[in-house]
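Single-structure report; data block below.
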Amino acid sequence: MKPRLRFAPSPTGYLHIGGARTALFNWLYARRHGGTFVLRIEDTDQERSTPESLQAILDGLTWLGIDWDEGPGKGGGHGPYFQMKKLGRYTELAEQLIATGWAYRDYSTEAELSDARKAFAAEKGLKDGDDLRSAGFKFTSPWRDKTEQLDRPALIRFKMPKRDGRFGFDDLVLNRIEKPYDDFDDFVILRSDGVPLYNFGCVVDDHDMAISHVARGQEHINSTFPQLMLYEAFGWTPPQFAHIPLIFAQDNSKLSKRKHPEADVMRHKGNGILPNALINFIARLGWSHGNEELFTRDELIAKFDFEHVGKSQGVWNPSKLVATNKHWIKTTEPLQVAMQLLPFLQAAGAPDAVVDAKLELGVKAFAERSASLVEMAEKLRNYYSHGITIDGAAAAKHLTPEGKVLLGKARDEFAKLTEWTTAAIDPLMKTVAEANATKPGAVAQPVRVAATGGTESPGIGVTLELLGREETFHRIDAALR
RNA sequence: GGCCCUGUCGUCUAGUGGCCUAGGACGGAGCCCUCUCACGGCUUAAACCCGGGUUCGAAUCCCGGCAGGGUCACCA
């Protein structure tokens, strides 16, 4: 049996880093075992769900290269993949549960629930604002054992069996987890407007979609128990669960959309992080493979397993993300990098830049000196402008009278060149230096400052090749003036 | 508060009873390479939460503490 896994976001905001990692783990497992990866949209929270959020999530997954076999835009034989499109199915199954004695209609009003809370508070001597849950409040509906039907809306509750002892499941990362039966109230499965609640919709869909493995955040551990009861009530076999640890921000609080901008996947795109670098980084945050740190997408697919997913929460480490990004900028095909770099370069002030031999050369020259595409674009833009503003301190240090003499001599050598390449230009630093009894650096720095306006750049050869013969002479002549 | 999960360098982690005088990576410090900046190479500081057991032997198993986290909605 080929495994079927899913990612089931609710479209209530952008794609969160934690969600992305959950999606990634499910996707990796499916890909590794030749299974199917399903994308399901849990849009039953009509208050918060928006089309924009849905699009943002789709965009985020697409950018990361996490593709789905079934779901929005793909179809598939287990749809609908939007929960709001299968309301009838939930109603039908909820009725089935009532018929089999596993659920009941609850006509309690908000007022009655509120009265119950107040009565509990009074009995315990609690003040306003005290947390009722902490004090052990449980709501027992008076409708639990009634079968009469009233002519007003009712919600449907699952009837937790009164049993002693404990129940649980074998988690793929946490191993055995159990809880006492009496830990659970009769939970709502269908709201009075006919829309299912999370636990119910989730179980129905995972069953309908023949999901075999569910990897999700550890915040879902406790909801696994009511879900297990639902599986029992329906006589269905539950999937295998893998609860993965949460991601925390550097301030040691849960990575949240509100407080932590880095929680937004697309923000990293804007920051010039390569999708493969982000994938590598979040995969390693919570999963390991011996001492290995760097993985291509294919290596991840070949090596991922739930056994090596850690049990404890991880902290977001921006500097390691940057280091990972540096690595992939250096090792990815220059052409690939160039294509992703282009929009950044255009935005940085080189609107006419295109993906061509020059840009590829630029990527090669700057791959080792850029932490991100943003940084690379920033450095490369000067190679796309006509003329350059020379930094004052750099000029003062290197465009001295002596420096200008050497710059002039270098210019003379450049003028003799029949081909304008790195290999042809580089040796000239030494040539000029030896002819003038000095070091190559004494020649290279004035050239560098004249050509780039600053004291830092790749080797003189590539730098000038990148600039082009004409622009190089233009800038040198301007500096010599 | 009840229940549940977790606890190795600052951070991510390797480690599944002897290979551990605890390894790697990021970050830090230093050195080398060098036409600048980088890259790279080398060196270095830095951790098994605490206390009891079990065992010839424990980071690894058990118990207790402590700490961190999750969850207890007609949200997901």
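Every chain is numbered from 1 and lettered A, B, ... according to where its sequence line falls, protein lines coming before strand lines. Small disclaimer: the values here were computed from a predicted structure and weren't measured.
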[X] [atom1] to [N] [atom2], straight-line distance once rounded to whole Å:
X: A/Lys409; N: B/C35; atom1: NZ; atom2: P; value: 21 Å
X: A/Ile282; N: B/U13; atom1: CD1; atom2: P; value: 13 Å
X: A/Arg152; N: B/C74; atom1: CZ; atom2: C1'; value: 14 Å
X: A/His220; N: B/G69; atom1: NE2; atom2: C1'; value: 15 Å
X: A/Asn252; N: B/G68; atom1: CG; atom2: P; value: 10 Å

Let's see if you can work this out: which of [options] has an atom nearest to the side-chain heavy atoms of [X]?
X: A/Arg448; options: B/A76, B/C37, B/C35; value: B/C35
X: A/Ser10; options: B/C74, B/A76, B/G24; value: B/A76
X: A/Arg48; options: B/C12, B/C35, B/C75; value: B/C75
X: A/Leu197; options: B/A38, B/C75, B/C26; value: B/C75
X: A/Glu219; options: B/G10, B/C37, B/U71; value: B/U71
X: A/Ser288; options: B/U16, B/C35, B/A14; value: B/A14
X: A/Asn291; options: B/G24, B/A76, B/C35; value: B/G24
X: A/Leu246; options: B/G27, B/C12, B/G70; value: B/G70
X: A/Glu368; options: B/U36, B/G24, B/C39; value: B/C39

Using 30° and 60° as the class limits, which term best fits the ring planes of [X] and [Y]: parallel, tilted or perpendicular?
X: A/Phe158; Y: A/Phe187; result: parallel
X: A/Trp287; Y: A/Phe304; result: tilted
X: A/Tyr231; Y: A/Phe241; result: perpendicular

Gap in Å between the two [atom1] atoms, one belonging to [N] and one to [M], rounded:
N: B/U44; M: B/G24; atom1: P; result: 10 Å
N: B/C9; M: B/G70; atom1: C1'; result: 26 Å
N: B/G7; M: B/C61; atom1: P; result: 9 Å
N: B/U8; M: B/G2; atom1: P; result: 25 Å
N: B/G15; M: B/G30; atom1: C1'; result: 30 Å

Does [X] reach a base, just sugar-phosphate, or nothing at all? Heavy atoms under 4.0 Å.
X: A/Lys430; answer: nothing
X: A/Pro9; answer: nothing
X: A/Phe248; answer: sugar-phosphate
X: A/Asp45; answer: sugar-phosphate
X: A/Asp193; answer: nothing
X: A/His289; answer: nothing
X: A/Ser457; answer: base
X: A/Ser192; answer: base
X: A/Ser370; answer: nothing
X: A/Gly201; answer: nothing
X: A/Leu285; answer: sugar-phosphate
X: A/Glu375; answer: nothing

Residue matched to [N] through Watson-Crick or wobble contacts both under 3.5 angstrom:
N: B/C26; result: B/G10
N: B/C72; result: B/G1
N: B/C31; result: B/G41
N: B/U60; result: none

B/A76 OP1/OP2 closer than 4.0 Å to side-chain N/O of A/Ser223
no
Residue-phosphate contact under 4.0 Å: A/Arg191 side-chain N/O, B/C75 OP1/OP2
yes
Are A/Ser253 and A/Lys259 close enough that a side-chain donor and a side-chain acceptor fall under 3.5 Å?
yes
For A/Asn280 and A/Thr324, which I'm curious about, is there any donor-acceptor pair between the side chains at under 3.5 Å?
no
Check nucleotides 40-49 of chain B against the protein and report each pair of N or O atoms closer than 3.5 Å, with its distance, or say if there are none.
| from | atom 1 | to | atom 2 | distance (Å) |
| --- | --- | --- | --- | --- |
| B/G40 | OP1 | A/Lys330 | NZ | 3.2 |

Is a side-chain N or O of A/His398 found less than 3.5 angstrom from the main chain of A/Gly454, in a donor-acceptor match?
no
A/Phe281 ring centre to A/Lys320 NZ or CZ under 6.0 Å, with the angle to the axis within 45°?
no
Could you check, using the six-membered ring where one of them is a Trp, whether A/His220 and A/Tyr198 have ring centers closer than 6.0 angstrom?
yes
Is it the case that B/C72 (base atoms only) and A/Asp185 (side chain only) share a donor and an acceptor within less than 3.5 Å, ignoring hydrogens and angles?
no
Looking at CD of A/Glu465 and CD1 of A/Ile425, how far apart are the two atoms once the value is rounded to the nearest 0.5 Å?
6.5 Å
What form does the base of B/C63 take, syn (within 90° of 0) or anti?
anti
Restricting to nitrogen or oxygen on both sides, can you table the protein-nucleotides 3-8 of chain B pairs closer than 3.5 Å?
| from | atom 1 | to | atom 2 | distance (Å) |
| --- | --- | --- | --- | --- |
| B/C3 | O2' | A/Lys179 | NZ | 2.8 |
| B/C3 | O2' | A/Asp183 | OD2 | 3.1 |
| B/C3 | O2 | A/Lys179 | NZ | 3.2 |
| B/C4 | OP1 | A/Arg166 | NH1 | 3.3 |
| B/C4 | OP1 | A/Arg166 | NH2 | 3.2 |

Suppose we screen for side-chain hydrogen bond (donor to acceptor under 3.5 Å, both in side chains). Which residues come up paired with A/Arg448, at least two apart in sequence or across chains?
A/Gln445, A/Ser457
